[in-house]
Amino acid sequence: MPTDVLVAQDLSCVGQVSMSVALPLLGAAGLRPTVLPTALLSTHTGGFGANTYFDLSSEIEKIIAHWHSLNFNFSAVYLGYLGQKPLETLLQHFDMLVTPQSFNLIDPVMGDNGHLYHGFDSNYIDGMRKLISKAQLITPNVTEAALLLGKTTSFKQTLTLHEAQALLQELAQGFNKQQIILTGVHLTNGKIAVLGYDKISREIWNQQQDKIPGNYFGTGDIFASVLFIMLLKGSTIRMAVKTAMEFVSNSIQSTLETPSFDARYGVNYAPHLPQLLKKIIHIQRGT
């Protein structure tokens, strides 16, 4: 099992999103995360007003060069929110960070709710298409899947299960990935689903749960982090997805039960870490 893992995404000084949730989760799970911050933000971009944004792409080149001089590389890599220049930098230097056997999970964070995130453009989408060619597993949401496929206008956000399966099938045909996870699928039956595709079996499967009303920042980052952890610990991908979905759902419920909670700061996942660690122990013991 790999323990030396690389996490590359932005760091928000306020709000449990991106690196702020990935790092403690991976550390608690017994991994040894190395971090590559892509940008420094005063707050995340949801609800705190005009945040500051400091691009770290020039520093990324220096960091990678230093690591290369030390013969550092990583057996597992998790990429999340990058930014325009950091994406270009990582495209140029990604192969210096990995081995041919590395497991690379790329969450192509660039949009949601039918819209590309502020500051991104068609060049960013093109760059992400190139970057995900280096991943064994990608985890786009519905908006990101549509953008990767060139569906830049009027694509639906609430889907029937058949429509979601067709979208995932189109992704599988367009991108030669071992596995694809389509996240945060809002179904017309009122459920929220995650769909999976396996290249070997060509099977498309899904897991559904009740939708909790509201918008909760950082839940996609938590889902991808727990998924990454479970896969590195030896879980099947279906069990990893189920565990990640339950962890996110339970974290939201704990947040809603907190008096005077402010969703801008992220969800309360800490009470559910012991149960996650128990599941990891069971996997490692084969029980």
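Treat the numbers as computed from the prediction; the structure is a model and nothing was measured. Side chains are part of it too, since the values below use all heavy atoms of this structure and drop only hydrogens, waters and symmetry mates.
A pairwise comparison of heavy atoms in V77 and L79 identifies CG1-CD2, 3.6 Å as the closest pair. S20 and L11 get closest at one heavy-atom pair: OG-CD1, 3.7 Å. Of all heavy-atom pairs spanning G266 and T255, the tightest one is O-CG2, 4.2 Å. The heavy-atom pair separating I283 from S235 by the smallest distance is CD1-CB, 3.6 Å. Between L56 and L40, the shortest heavy-atom contact is CD1-N, 4.1 Å.
The residue from S254, S249, S251 that alone fulfils the side chain to side chain donor-acceptor pair (under 3.5 Å) condition with H272 is S254.
Side chains of Q16 and V267 form no contact here, defined as non-hydrogen atoms less than 4.5 Å apart. No side-chain heavy atom of H66 sits under 4.5 Å from any side-chain heavy atom of I63. Counting only heavy atoms from C-beta outward, the side chains of V241 and I181 approach each other to under 4.5 Å. Y269 is not listed as a side-chain neighbour of V248, based on a closest heavy-atom distance of 4.5 Å or more. Proximity of L231 to I237: side-chain heavy atoms (C-beta onward) are separated by under 4.5 Å at one or more points. Contact check for T158 versus L187: no side-chain heavy atoms found under the 4.5 Å cut-off. With contacts defined as side-chain heavy-atom distances shorter than 4.5 Å, the pair M128/I106 qualifies. The side-chain heavy atoms of F72 and T34, taken from C-beta on, include no pair separated by under 4.5 Å.
Applying the under-4.5 Å side-chain rule to Ile, Leu, Val, Met, Phe, Trp and Tyr, the cluster around V14 extends to F48, Y265.
Taken from CD in Q209 to CE in M245, the straight-line distance is 4.0 Å, to the nearest 0.5 Å. Put simply, CG on L26 and CG on L232 are 7.5 Å apart, with the number rounded to the nearest 0.5 Å. Taken from CG in N51 to CG in L41, the straight-line distance is 5.0 Å, to the nearest 0.5 Å. Rounding to the nearest 0.5 Å gives a distance of 10.0 Å between CG of L276 and CD1 of I281. To the nearest 0.5 Å, atom CG of residue L227 and atom CG of residue L137 are 6.0 Å apart.
Ring-plane geometry between F217 and H44 is classed as tilted, the angle between the planes lying from 30 to 60 degrees on a 0 to 90 degree scale.
Residues L147 and L171 are members of one and the same hydrophobic cluster, defined by side-chain heavy-atom contacts under 4.5 angstrom among Ile, Leu, Val, Met, Phe, Trp and Tyr. When hydrophobic clusters are built by joining Ile, Leu, Val, Met, Phe, Trp and Tyr residues whose side-chain heavy atoms come closer than 4.5 Å, directly or via intermediates, L273 is grouped together with I280. F54 and V35 fall within the same hydrophobic cluster, where Ile, Leu, Val, Met, Phe, Trp and Tyr residues are linked whenever their side-chain heavy atoms come under 4.5 Å apart, directly or through other members. Put simply, L277 and L23 are part of the same group of oily side chains (I, L, V, M, F, W, Y) that touch within less than 4.5 Å, one to the next.
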TODO: Might you work through the side chain to side chain contact (heavy atoms under 4.5 Å, CB included) test for L168 and I180, ending with a clear yes or no?
DONE: CA-CA 8 Å; L168 182 52; I180 302 174; 3.6 Å; yes
Open item on the list: For a side chain to side chain donor-acceptor pair (under 3.5 Å) check, start with the C-alpha distance between S18 and D10, then their side-chain angles and the critical distance, and finish with the verdict.
Closed with: CA-CA 6 Å; S18 299; D10 69 288; 2.7 Å; yes
TODO: With side chain to side chain contact (heavy atoms under 4.5 Å, CB included) as the test, would you mind laying out the steps for Q136 and L105 before giving the verdict?
DONE: CA-CA 6 Å; Q136 283 74 43; L105 186 159; over 6 Å; no
- [ ] Could you please spell out the steps behind the side chain to side chain contact (heavy atoms under 4.5 Å, CB included) verdict for T183 and F223?
- [x] CA-CA 9 Å; T183 68; F223 175 88; 3.7 Å; yes
TODO: Verify side chain to side chain contact (heavy atoms under 4.5 Å, CB included) between S225 and Y78, making sure each step is shown before the conclusion.
DONE: CA-CA 8 Å; S225 298; Y78 163 33; 3.5 Å; yes
Which donor-acceptor pairs under 3.5 Å do the side chains of residues 107-121 make with protein atoms, sequence neighbours left out?
from	atom 1	to	atom 2	distance (Å)
D107	OD1	T139	OG1	3.2
D121	OD1	N123	N	3.0
D121	OD1	Y124	N	3.1

Show the atom names and distances, to 0.1 Å, of all donor-acceptor pairs under 3.5 Å that link a side chain in residues 200-208 to residues at least two apart or in another chain.
from	atom 1	to	atom 2	distance (Å)
S201	OG	D198	OD2	3.2
S201	OG	E203	N	3.2
E203	OE1	R238	NH2	3.1
E203	OE2	R238	NH2	2.5
N206	OD1	Q208	NE2	3.0
Q207	OE1	K242	N	3.4
Q207	NE2	R238	O	2.9
Q208	OE1	N189	ND2	3.2

Taking only distance into account, with no hydrogens and no angle test, what donor-acceptor pairs under 3.5 Å do side-chain atoms of residues 83-99 form with protein atoms, sequence neighbours excluded?
from	atom 1	to	atom 2	distance (Å)
T89	OG1	K85	O	3.0
T99	OG1	Q101	N	3.2
T99	OG1	S102	N	3.3
T99	OG1	S102	OG	3.1

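Listed by first and then second residue, the salt bridge (charged side-chain N to carboxylate O under 4.0 Å, His left out) pairs that reach into residues 167-181 are K151-E170, sequence neighbours excluded. Pairs engaging residues 46-65 under the salt bridge (charged side-chain N to carboxylate O under 4.0 Å, His left out) rule: E59-K62 [sequence neighbours left out].
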